[in-house]
Structures are given as C-alpha cells and as structure tokens.
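The structure appears below as structure tokens.
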Amino acid sequence: MHKTNWQVMAQDFMHGEIDKKWQDWWEKEKIFHVTEDPSKQKFYVLDMFPYPSGAGLHVGHPLGYIATDVVARFKKMQGFNVLHPMGFDAFGLPAEQYAIQTGKHPAETTKENIARYKQQMKKIGLVYDWDREVITSDPKYYKWTQWIFLKMYKSWYNKKTDKAEPIETLVGHLEKHGTEGLDAWTSGWEISELTPEQWQNMTLAEKEEFLMHFRLAFLDEAEVNWCPALGTVLANEEVVWDEEKGLVSERGGFPVERRPLKQWFLRITAYAERLLKGLEEIDWRESIKEMQRHWIGKSEGALINFPIENRSESIKVFTTRPDTIFGVTFMVLAPEHPLALEITTEDRKKEVEEFINRIKNQPEIERLSEKDMKGIFTGAYAIHPFTGEKLPIWLGDYVLMHYGTGAIMAVPGHDKRDWKFAKKYGLPIKKVIDAPGVDVEKEAYEEKEGVLVNSDFLNGLTVPEAIEKAIQEIEKRGLGKRHIQYRMRDFLFSRQRYWGEPIPIVYRNIDGKWIPFPVDESQLPIELPYMEDFKPTGSPEPPLARLKDWVELPDGSRRETNTMPGWAGSNWYYLRYMDPHNDQLPVSPEKERYWGPVDLYVGGAEHATAHLIYARFVNKFLKDIGIVTHEEPFQKLFNQGMIQGQTHFIWVDWDEKKAYSSGKVESLPEEVRKRLLKVRFPIKYVDQHGNVDLSRIEEMKREFVQFKDLEFIPDDDGIFRFAEKAIEKMSKSYLNVLNPDDVIEQYGADAFRVYEMFLGPLDEHKPWDTRGIMGAYRFVRNIWNWYVDKEGKPILTDEQPTEEELKIIHKAIDRVTRDIESLAMNTAISTLMTTFNEIKRLGTHKKSILEPFLKLLSPFAPHIAEEIWHLWGNKDSIFNAPWPQAEEKYLKEDTVEYPVAINGKKRFVLQLPTSWSREQIEEFVLNHEKTKKYTEGKEIKKIIVVPGKIVNIVVK
RNA sequence: GCCCAGGUGGCGGAACAGGCAGACGCGCAGGACUUAAAAUCCUGUGGGCCGAUAGGCCCGUGCGGGUUCGAUUCCCGCCCUGGGCACCA
C-alpha cells in the first residue's frame with residue numbers, strides 16, 4: 001500500500017493507540033456515569049435526538065456533539081454534576097423507508113445503524129452515560145409514550161384553572177351542572193348546551209362522542225395531507241412546498257393531496273397561550289422564538305355575526321379590525337363554507353356549484369400558486385349589523401376554510417386582498433380611516449395611523465380607540481364578542497404506517513357503532529407485532545390492519561391500527577434520560593425536579609417549530625398532571641450551524657473516456673473542449689494540496705465505479721488540478737462527504753475535534769476545508785512534542801513560574817473559561833494556540849504553567865490530555881481534576897500600550913503605566929516629541945484620553 | 001411580498017461595552033534541511049504608492065449618506081446572500 005504522508009508524520013506520536021486506549025478506559029470507568037447528588041449543582045447538557053440513518057455520520061454531523069462533549073467535560077471539571085446522555089429516535093418514517101429500500105426489517109436496520117452510530121461516536125471521543133441510553137422503539141420506552149397518550153385521552157383542558165384535568169372532573173361537572181359555567185378548550189367547537197338531565201339521558205355512545213370534543217387526545221374527521229407514495233398522512237410540518245411539484249412530503253419529495261380522513265389529534269391549541277408566554281422566560285435565539293410565535297399566530301379581534309337577508313342563519317366572521325366595520329361593502333365565504341351553496345339563490349345555483357367544484361378539484365398546487373383571486377356572487381345578501389345595509393355575499397378562493405370562521409367581512413378600503421377582489425369584480429370601496437394622502441380608490445390603506453370617518457359612533461377616534469370602542473359596542477348590542485384567534489392547529493397524531501408506537505385504543509361495537517376506548521394502563525406496552533411484510537398499501541388502511549389475529553380481540557373489540565408519528569417518542573425523551581429505568585412512571589417527579597430543565601440544548605435549527613413546540617407542549621401537559629415540575633423543558637437552546645461540503649469538479653470527456661487537469665484544457669482541440677463536462681470528484685481522493693491524489697487513483701476507481709474506465713491526464717508538472725471547487729451542502733450524491741472515521745484515522749480524534757471547533761462560530765454555516773485540518777493536527781502534535789520527549793517521557797520542571805508566565809497562563813484561563821461558557825469554541829482554540837506559541841517562545845516546561853494549560857486543552861483534545869496526565873503519574877482521570885481558576889492579579893498589566901491618534905488616525909504607540917490619570921497621560925503625550933512632529937505648525941483643538949484604550953489629538 | 005440572520009484579505013474567521021481592523025489557522029511566496037520530494041523549521045504575506053535602506057504616505061470591513069474627536073460596531077436609505085413564513089382576515 002502506498003505510504004501516505006500522515007503515516008510518516010504520525011511517527012512522532014501514535015494518536016491511534018492513544019485514542020483507543022482512553023476511549024476504552026472512559027467507557028470502562030464510566031467517567032460520565034452520574035446519579036442525583038443534592039450536594040452538587042447539576043448541569044444537564046443535551047444533544048438533539050439523532051435518528052440513526054443508514055449512511056452513518058459524516059463529518060458535518062458531530063459538530064454539535066463535539067461542542068456538548070466539550071461543555072460536559074468542562075462543567076464536570078468545574079465541579080458540576082453533569083448529565084450528558086445519548087439515545088436514538090428509532091421509530092418513524094425515515095427508519096421505515098430505509099428498511100424498505102434495503103429490503104430488511106426496520107427492527108434489524110435500526111439495530112445495525114445504532115451500533116454503527118455508537119461506534120462512530122466513540123471514535124470521536126464522545127463520552128456519554130450510556131446506562132441512560134433511550135431508544136424510542138424499545139417497548140420499555142414506548143410503554144410510556146403510550147401512557148402519555150392515554151393520559152391525554154383521559155384529560156380535558158379547563159380554561160378556568162388553566163390546566164389539563166382528568167376527564168372525571170368534566171364528567172362530574174356535567175352531571176351536576178350540565179354545561180352551565182363550563183369553560184373548556186374545544187378547539188373552536190361550540191359546546192352544545194346541556195342540562196344535567198340531558199347529559200344523564202345520553203347513551204354511552206352519545207356521551208363518548210360529546211366528550212371527544214374535550215379530550216386532549218381525540219379522534220376527528222379532518223382534511224389532512226395524504227401522501228399516496230408514502231402511504232400515510234403527514235402533519236403540516238412534514239409537508240413542504242416545491243416550486244415545480246407543489247405540495248410534497250418533506251421526506252422523499254412525494255406529492256401530497258388533501259383528503260378528509262378520521263384521525264387522531266393532540267389538542268395542542270389548548271396550550272397556545274402558555275406556549276407563547278413561556279417563550280419570554282427561556283434563553284433561545286430570537287429568530288427561533290419568532291418562528292414559534294408566528295407558528296402559534298395569535299391575533300386579537302372580534303367575532304361578529306352578520307344576519308343573512310330572509311334567512312335564519314347568520315354569517316360569523318372573525319376580524320382583527322372591528323374599527324373598520326363601517327367600511328364593509330361585501331362578504332366573502334370560503335368555497336368550502338357549509339353555507340356556501342345553501343344560501344345561493346336559485347338562479348345562480350348551477351354557476352356557483354360549478355365554481356365550488358372547480359376550486360375543490362383544483363390541485364392544491366394551482367390554488368396556492370395562482371396570484372389571481374377567483375370569486376363568484378351567490379345572489380344572497382347579508383345585513384350590516386349597524387347600518388342595515390345590504391351586503392352582497394360572494395365566494396372567494398382567497399378565503400380559507402381552516403382559519404377563523406371561513407368567512408370574512410370585506411373592507412376593501414383598508415385590506416389589500418379585499419381591495420384586489422373589489423377591483424376585480426367591481427365592488428364598492430369605502431374610506432373609513434383618513435390620514436394625509438389616503439386615496440382608497442388607488443390602493444388599500446392598511447396602516448393604523450389616522451382618524452375614523454364615515455363611521456357613525458366611531459367618527460373622530462384613532463384606530464386603537466376605535467377597535468376598543470367597536471368591540472364594546474358589538475358586545476353591548478349582542479352582535480358578537482371579543483375573540484382571540486390562533487393560527488396553530490391541533491397536532492395530527494396518527495400515521496398509516498407500521499414502524500411506530502401502536503396507539504393504545506380499542507374499539508367496541510356499541511349499537512352498531514365502533515366507539516373508541518382506552519386500553520387499561522396495566523396492559524401497556526401494546527407491543528408492535530412483528531410483520532414480515534410491513535409495506536404500506538397506498539390506501540389509508542394501515543399495515544397493522546392486515547394482522548387480523550392482532551386486531552381482533554377475544555371480546556369482539558378491535559384494536560386501533562394507526563401508529564404514532566415519529567414525533568411521539570422525541571417529544572419527551574429528555575425526561576426519560578433523567579430516570580431511564582423507572583417502571584412506575586415515565587420519570588419520577590423527584591428526579592425531574594433535580595435534573596430539569598435542560599440547561600443547554602444543542603441542535604440544528606430545522607426543528608424550530610415541530611419538535612421544539614411539541615416537546616414544550618407535552619412538557620406542559622406532564623406538568624399539569626404532576627409528573628414534571630418545570631413549565632419549560634429547555635432553558636437554553638443553541639442552534640449549531642451546518643458544516644458545508646467542498647465539491648470538486650474535474651473536466652471529463654466521456655466519449656474518449658478521458659479526464660483532464662484544468663491546465664491541459666486550453667491546449668485541447670476545439671471539438672474536444674466542446675465535449676468536456678464538469679463532473680463531481682470524490683473529496684476523499686483530494687490530496688493535501690487540493691489536487692487529485694493520483695497516487696490513489698486506482699483505489700478511487702474501485703470505490704467509485706463510474707470513473708472506472710477514465711484515464712486521468714495531469715498537467716505537465718504531473719499535478720492534476722480541478723476545474724472548479726464549490727461550496728455545497730454535504731451530500732453523498734455530491735461526493736463531498738467525508739467520513740469522520742477516515743479523518744480520525746489520518747489525524748486522530750483530537751485534531752478532528754480541535755478542527756471542528758476551530759472552524760468558525762458554532763452557530764454559523766461554514767465549509768469544511770480538507771487542508772485546514774493540518775493546522776489542528778500540527779497544533780496537537782506540537783503540544784505532544786512539547787510535553788513528551790522522544791522516549792515518551794514527560795518533560796516537566798518544578799521551577800517557580802515568572803510573573804510573565806503567570807500572566808500568560810491566567811489570561812488564557814480567563815479567556816478559555818469565558819469562551820466555553822458562551823460556546824465560542826473557535827476563539828477558545830485560538831487562545832490556546834496563541835498561548836502555546838507564548839509557551840514555546842518562553843521555552844517553559846514548568847509544571848505550574850503546563851498543568852493548567854493541559855487542563856484548558858483537555859475538553860477539546862481529551863485523548864492526549866488524558867495520556868499526558870497519566871504519564872505524569874496521575875491515576876484518576878484529568879476530567880475529575882478541578883478546572884483552573886484565573887487570578888485577578890495576573891489579569892492586570894502594569895503598563896498599557898496607548899495608540900496615539902491624530903484626527904482619529906493612529907500614528908504611533910506609547911507604553912504608559914496603567915495607574916496614570918487622564919491628566920498625566922494628556923500632559924505626557926502632548927509633550928512627547930513624536931506628538932510634536934505631527935502637531936507642528938498646527939493648532940491643537942482638543943485631546944481625548946480614554947484610559948486603558950486610546951489617545952486622540954484633534955488638530956487643525 | 002413580509003419577518004429574521006449575515007456581507008471584513010486568496011480562504012475559514014478575529015476585534016468582549018464606539019477606541020490600534022485583519023488575532024488564530026489555512027493557503028501562497030522566499031529561505032533552511034534533503035540527492036530529490038514529502039514532512040519539519042524560519043521569514044514574509046490586505047491593496048496601492050514613495051524610498052537604496054531605515055522608514056513613510058494614501059486607500060481599505062457590500063454600496064451611498066449621517067451622528068461622533070474617533071464607526072466593522074450606532075442611525076437613515078439601497079444592493080446582495082442565507083434561513084423562515086407566505087392569501088392567516
């Protein structure tokens with residue numbers, strides 16, 4: 001085999017041996033094994049739950065894991081009781097899709113992939129308390145996922161107490177008072193009024209149907225995203241918009257259509273207000289909080305009833321601008337609105353029906369992408385509740401059935417969409433808010449600045465005043481009420497797939513109807529039965545339905561065959577880590593009180609809305625039922641950036657099967673050049689100088705068979721140069737992924753970790769540079785060579801440190817400590833580098849300097865740190881040694897280097913004592929000969945002295 | 001369209017509270033070592049200009065303005081890149 005450079009370089013220290021030695025030792029010694037210890041302050045650092053994909057980890061993935069590993073080791077040395085667990089999100093769509101692709105059972109592929117992940121994590125030097133490992137597809141875990149679902153099923157949200165309560169308290173209320181005085185969250189369903197007697201007289205089926213509107217886990221028929229290719233419904237968050245294809249699944253990009261289906265939901269909307277409020281007290285990136293606020297989408301306004309002419313029904317609308325009520329000139333209903341066809345006059349029925357069908361059958365793609373709005377007049381009129389005016393009722397595709405009431409009062413003068421609609425169909429436009437330059441015939445005036453006009457009792461008021469006054473008047477006259485509307489919808493919780501937690505519900509046939517009932521908690525877990533063929537059918541019938549023996553129970557009842565979505569397990573895993581083996585509860589409240597909340601949660605920003613909002617919701621629910629004591633689960637959230645890949649392109653002439661170095665291209669004949677294509681080349685076979693590694697070209701051809709027959713023609717100097725390099729997302733198909741195992745084999749785990757941390761700010765996207773890692777490698781190796789001689793003996797002296805040495809090391813302690821605290825790993829590393837350069841410059845091997853430096857280095861390069869630590873004769877781990885403390889007295893300097901600027905431009909520097917006063921400095925500088933040189937013949941207007949910073953002289 | 005980040009050498013990036021722009025690393029160039037290459041070590045490295053040297057000058061943090069003794073940092077307007085939302089009444 002060709003002897004590559006690293007093998008020569010690696011002779012000075014055997015990183016491979018050192019890495020493995022300490023990885024095994026940490027595992028054996030369980031250095032991160034923790035138990036609750038009230039005498040110590042806890043620190044809970046958590047990584048986002050990985051889904052163990054079949055491709056394994058690439059070098060971009062572990063960025064966050066390395067950061068948390070650094071923090072965990074650092075906090076441990078600082079004396080905290082550090083909980084740093086790891087586990088796997090193994091249920092769900094991706095795992096199942098992978099299994100289908102490989103033709104294996106997901107139970108098997110999941111197991112393999114987890115083993116691979118753990119192996120890779122170990123090689124990076126990541127250390128966890130594996131005794132707390134959580135795997136969502138493990139029945140011991142999903143027993144509690146199912147338990148939480150049952151608790152939700154058995155709960156309702158009491159708005160009076162502002163928390164979830166057992167369904168029994170609701171039933172008790174109904175028995176005593178009927179619906180009188182009941183204030184419950186029902187996701188917009190209007191509670192039909194009942195007397196206690198009426199409730200008592202209901203059949204079991206009727207009662208169950210009634211209660212279903214209150215349960216926090218409930219069945220509902222709803223328009224859902226059906227994905228035929230995946231054979232399941234998807235949550236809104238799992239569906240994305242594709243420019244070409246329209247609505248597609250996030251996984252795989254398959255088309256998605258809307259269909260009404262009976263599905264399980266979790267009533268997350270009951271928690272909208274608490275989810276919103278909780279954001280104020282947590283330390284998250286503002287943009288993520290904004291996304292969640294937007295997702296919850298709270299709007300305040302009023303519900304107003306508009307009577308329909310000659311009919312008993314009325315149209316209920318929601319508006320945030322009740323101040324513009326006198327500007328209403330027509331009404332618009334969503335085409336799906338239940339009254340749409342009903343109110344249509346006979347003469348227009350046919351036309352309207354056609355319109356409704358056209359909109360309904362129109363693929364979602366078109367309806368959303370078309371800029372133009374479509375509408376039709378129903379022939380019916382509503383009556384303005386204040387003026388009694390007749391308002392034409394239209395149908396319009398720009399009004400959405402699923403937001404508000406599915407109907408609007410159109411105020412074309414002060415709403416852009418209504419204005420556009422009015423212009424298109426020639427409907428009147430009225431001005432009710434006046435401000436300088438407002439002309440509602442030219443465009444809608446949506447600002448809230450101005451004064452109300454043409455508005456009866458609102459005239460002369462400002463917009464905020466008018467909003468308030470209008471709502472009061474509406475309520476006074478019984479025309480409607482104040483209302484808060486949320487955009488957020490309930491959480492779709494069933495999937496027609498095999499690989500997920502079975503929903504612990506059975507259906508009993510009562511009077512010919514299948515009524516859902518919860519299974520008894522003692523029967524949990526409902527284990528997922530083994531299926532040889534688990535593929536989805538393409539119809540909404542879940543695979544589990546095919547298992548007749550499993551579905552049909554001896555007592556004639558039938559099991560629920562839908563399974564839970566991938567989110568189910570990841571909603572609460574962070575709690576299970578606190579108490580992973582508890583067989584009485586998902587987590588004991590005492591342990592949660594000690595460990596919770598998560599002090600630092602690191603992960604990608606892609607979970608901003610889905611997982612991070614579901615988990616907060618489940619946490620709040622568990623708090624309501626007394627399991628959890630903290631309202632918010634994740635105190636500090638840090639979103640790491642992505643490591644991008646560097647894609648390398650070569651010039652290829654496929655006809656002649658030749659690949660040309662870029663220097664060759666110019667000399668090629670025109671017809672050959674025309675045929676050349678830029679083709680992606682695997683980064684793994686790029687050499688240290690950023691050229692094709694010709695020495696390993698045969699190896700490359702074996703691995704990437706598409707290049708098998710290519711002849712590689714280098715430049716005249718024997719170097720094969722690339723046509724182009726580009727920064728792209730790391731992806732297997734771009735051939736720009738690097739496996740951490742390969743990188744670690746070449747440079748060692750420590751250099752890999754140091755490099756990832758050094759690359760740039762943790763929260764930013766930055767490209768991986770194959771050559772850049774050499775810097776990290778040299779750094780680690782040079783430290784080794786400074787600490788250890790050729791015979792492997794430590795080089796260490798007991799001499800007293802000098803003042804200068806102490807200043808250098810204490811400044812480093814101060815800086816590195818603060819940097820790790822704020823996750824500024826890149827500057828922590830650069831401080832370590834500059835400090836080490838100073839150590840070399842001073843030629844010091846004093847223990848008093850090298851020991852604290854080794855500790856500062858240890859979270860980043862734990863393997864050589866541990867090795868050197870033990871070479872010094874220590875028996876315990878360096879991570880059980882205390883973190884060094886910076887002493888204030890060494891952080892101060894006696895003199896400061898003052899830049900002296902003339903008119904803001906630096907001209908020279910002066911070394912002046914720190915203790916000098918402003919006046920002393922001023923006098924000294926003004927009398928200095930260098931100053932005179934610059935001020936000669938000019939008038940000194942002013943001198944600014946900023947102690948410790950700068951001197952600036954203003955001359956004219 | 002709206003909201004949120006961000007734009008600094010050839011590259012990744014640094015500059016903590018408005019005070020020396022370019023730390024640290026990569027790359028590149030020159031030199032040492034070597035038969036040679038790699039590795040290693042040393043030196044230089046934002047651009048332009050003057051100067052034999054020492055040294056000095058000018059321009060520079062996306063663009064245009066402003067505040068200030070002083071702006072990468074604050075304010076106003078614009079351009080570009082990335083992310084999110086997208087008929088939400």
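The sequence lines fix the lettering, A, B, ..., with proteins before strands; numbering per chain opens at 1.
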Using Watson-Crick geometry (N1-N3 plus N6-O4 or O6-N4) or G-U wobble (N1-O2, O6-N3), each under 3.5 Å, B:G82 is paired with B:C4
Out of B:A89, B:C58, B:U40, minimum distance to the side chain of A:V399 belongs to B:A89
Expressed as a whole number of Å, how far does the C1' atom of B:A89 sit from that of B:U68? 47 Å
Within this structure, what is the CZ-to-P distance between A:R293 and B:C85, rounded to whole angstrom? 16 Å
A:R781 vs B:U40: side-chain N/O to OP1/OP2 distance below 4.0 Å: yes
Look through every strand shown and name the nucleotide pairing with B:G70 as Watson-Crick or G-U wobble, where both distances are under 3.5 Å. none
To the nearest Å, give me how far apart CD1 (A:I719) and C1' (B:A38) are. 13 Å
Would you find a donor on one side and an acceptor on the other, under 3.5 Å apart, between the side chain of A:R907 and the backbone of A:V900? no
With P as the reference atom in both, quote the distance from B:G64 to B:G30 in angstrom, rounded to an integer. 37 Å
May I ask you to check whether A:Q485 and A:S299 show a side-chain donor-acceptor distance below 3.5 Å? no
Taking atom P of B:G84 as reference, at what distance in whole Å does atom CG of A:L612 sit? 15 Å
Is there side-chain contact between A:K942 and A:I940, with at least one heavy-atom pair below 4.5 Å? no
Given the C1' atoms of B:A14 and B:G9, what is the spacing between them in whole Å? 13 Å
Distance-only, no hydrogens or angles: does the A:K298 side chain make a donor-acceptor pair with backbone N or O of A:Y486 under 3.5 Å? no
Could you measure between the two C1' atoms, the one in B:G82 and the one in B:A15, and give it in whole Å? 24 Å
If you measure from the P atom in B:G46 to the same atom in B:U67, how many Å do you get, rounded? 33 Å
The contact string for nucleotides 10-23 of chain B, one letter per nucleotide 5' to 3', using protein heavy atoms under 4.0 Å with B, S and - for base, sugar-phosphate only and none, comes out as --BSSS---BB--B
A:R907 or A:G772, whichever maps to the more 5' nucleotide of RNA chain B: A:G772
In plain terms, say whether A:E286 and A:R293 are close enough for a salt bridge, that is, a side-chain N and a carboxylate O under 4.0 Å apart. yes
Identity of whatever pairs with B:U35 - Watson-Crick or G-U, under 3.5 angstrom: none
Who is the Watson-Crick or G-U wobble partner of B:C87, with both distances under 3.5 Å? none
Between CE of A:M774 and C1' of B:C28 the distance, given in whole Å, is 16 Å
Going 5' to 3' through nucleotides 45-51 of chain B, assign each nucleotide B (protein heavy atom under 4.0 Å from a base atom), S (under 4.0 Å only from sugar-phosphate atoms) or - (no protein heavy atom that close). -------
Just compare B:A89, B:C85, B:G25 and give me whichever is closest to any side-chain atom of A:M833. B:G25
Evaluate A:V945 against A:I943 for side chain to side chain contact (heavy atoms under 4.5 Å, CB included), listing each step before the verdict. CA-CA 7 Å; A:V945 177; A:I943 175 161; 4.2 Å; yes
Check: A:E888 and A:D814 side chains under 4.5 Å, non-hydrogen atoms: no
Rounded to whole Å, CG of A:L303 lies from C1' of B:A89 at a distance of 12 Å
For B:C11, which nucleotide in any strand shown is its Watson-Crick or wobble partner with both distances under 3.5 Å? B:G25
Is B:G46 syn or is it anti, if syn means the base angle is within 90 degrees of 0? anti
In B/S/- notation (B base, S sugar-phosphate only, - none; protein heavy atoms under 4.0 Å), nucleotides 30-35 of chain B written 5' to 3' is ------
How far does the C1' atom of B:G56 sit from the matching atom of B:G51, given to the nearest Å? 8 Å
Using purine N1 to pyrimidine N3 plus N6-O4 or O6-N4 for Watson-Crick, or N1-O2 and O6-N3 for G-U wobble, both under 3.5 Å, which nucleotide pairs with B:C57? B:G48
Answer for the Watson-Crick or wobble partner of B:C63, both distances under 3.5 Å, is B:G77
So, A:R696 and A:D693, do they make that salt bridge, N to O below 4.0 Å? yes
Assess the pair A:F722 and A:F649: is the distance between their ring centroids shorter than 6.0 Å? no
Can you find a heavy atom in the side chain of A:V692 that is under 4.5 Å from one in the side chain of A:V686? no
A:D750 versus A:Y777, side-chain donor and acceptor atoms under 3.5 Å: no
In this structure, how many angstroms lie between the P atom of B:G25 and the CG atom of A:L832, rounded? 12 Å
Distance check, P atoms only: B:C59 and B:C26, in whole angstrom units. 33 Å
Should the pair A:E838-A:R841 be classified as a salt bridge under the 4.0 Å nitrogen-to-oxygen rule? yes
May I ask you to check whether A:Y614 and A:F491 place their ring centres under 6.0 Å from each other? yes
When the C1' atoms of B:C69 and B:G13 are considered, how many whole Å apart are they? 31 Å
Have a look at A:D687 and say if it touches a base, only the backbone sugar-phosphate, or nothing, with a 4.0 Å heavy-atom cut-off. nothing
Counting any heavy atom closer than 4.0 Å, what does A:N837 reach on the DNA or RNA strands: base, sugar-phosphate only, or nothing? sugar-phosphate
5′-ward residue of the pair A:R285/A:R778 relative to RNA chain B: A:R285
May I ask you to evaluate whether A:S287 reaches the phosphate of B:C3, defined as a side-chain N or O under 4.0 Å from OP1 or OP2? no
Does B:A86 have OP1 or OP2 sitting under 4.0 Å from an N or O in the side chain of A:R487? no
Tell me yes or no: between the side chains of A:H15 and A:R781, is some donor less than 3.5 Å from an acceptor? no
Find the distance A:M401:CE to B:C87:P and express it as a whole number of Å. 16 Å
Set out, in order, the CA-CA distance, both residues' side-chain angles and the distance that settles side chain to side chain contact (heavy atoms under 4.5 Å, CB included) for A:F860 and A:I820, then state yes or no. CA-CA 10 Å; A:F860 299 97; A:I820 298 177; 3.9 Å; yes
Nearest-angstrom distance from the residue atom CZ of A:F752 to C1' of B:G25: 17 Å
How would you label the contact of A:S822 with the nucleic acid (heavy atoms, under 4.0 Å): base, sugar-phosphate, or nothing? nothing
